[in-house]
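Below is one structure, written out as structure tokens; comments come after it.
In listed order, ligands and their atoms are each counted from 1. Because the structure is a prediction, the values reported are computed rather than measured.
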Amino acid sequence: MVANKLLTLAFVKTPTNILLGYKKRGFGMGRWNGFGGKVEVGETIDGAAKRELMEESGLVANTLHKIGILMFEFVGDPQLMEVHVFTTNEWKGTITESDEMRPEWFPIESIPYKKMWTDDQFWFPYMLNARPFYGYFTFEGMHKIVYHRLDSVNDL
Ligand code: 6U4
Ligand code: NA
Ligand code: NA
């Protein structure tokens, strides 16, 4: 048994726009995504999500709403990634580019799915409609999804 790798992913949005970050280095480099990273020892998942949001976007959110859990399996790697997804429509601070991320607002009508992780187009509609979800994706390499399952859930 290998413990899951716990990660966070937070999205700042208004009714019409969503803030995405262009990942400049590391895992998911070259793709637009929400803000997030690894949950550190001694941190709550919610606390890690707020910290990563601040580090990568410059924004402080007092409240994050948990909207989904995503499990990622990579063929050949026994460790699953367990990504906790949050949204917020209330924030403070000034959007700031970091070494890791370049933030930019996108109209919800023109989210750049082709320049994002290939799973995002499946679960973004749930997130955008505030429908809690649970997803499981098996990747072969960084682009190809060989299995997926996505469910609406009542509780996360
Ligand atoms: P370090 O190196 O410590 O700065 P850290 O910022 O802790 O890394 P990082 O950047 O590796 O973690 O986190 C990866 C981010 O990518 C998390 O927010 C989760 C997200 N992510 C991983 N796989 C994803 C996928 N298939 N689809 C997606 N987001 C994914 O939309
Ligand atoms: Na990160
Ligand atoms: Na980190």
Which protein residues have a heavy atom closer than 4.0 Å to any atom of ligand 1, listed by chain and number?
-> Leu7, Thr8, Leu9, Lys23, Phe27, Asn33, Gly36, Gly37, Lys38, Glu52, Glu56, Phe72, Met81, Glu100, Trp117, Asp119, Asp120, Trp123, Phe139
How about the Na ion (ligand 2), which protein N, O or S atoms come within less than 3.0 Å?
-> Gly36 O, Glu56 OE2, Glu100 OE2
From CA spacing to verdict: salt bridge (Lys or Arg N to Asp or Glu O under 4.0 Å), Arg102, Glu104 | CA-CA 7 Å; Arg102 176 160 56 81; Glu104 198 174 303; 3.4 Å; yes
Please work out whether the ring planes of Trp123 and Phe11 are parallel, tilted or perpendicular, with thresholds of 30° and 60°.
-> perpendicular
The salt bridge (charged side-chain N to carboxylate O under 4.0 Å, His left out) partners of Glu100 (sequence neighbours excluded) come to Lys23, Arg25
Between Phe122 and His148, ring centroids under 6.0 Å | yes
Partner of Phe139 by side-chain contact (heavy atoms from CB on, under 4.5 Å), out of Asp119, Asp77, Val75 = Asp119
Are Phe27 and Trp117 close enough that their ring centres sit under 6.0 Å apart?
-> yes
Could Lys38 and Glu52 be called an ion pair, given the rule that one side-chain N must be under 4.0 Å from one carboxylate O?
-> no
Set of residues satisfying ring-ring contact (aromatic ring centres under 6.0 Å, His included) with respect to Tyr147, sequence neighbours excluded = none
Measure from the ring center of Tyr113 to the ring center of Phe124 and say whether it is less than 6.0 Å.
-> yes
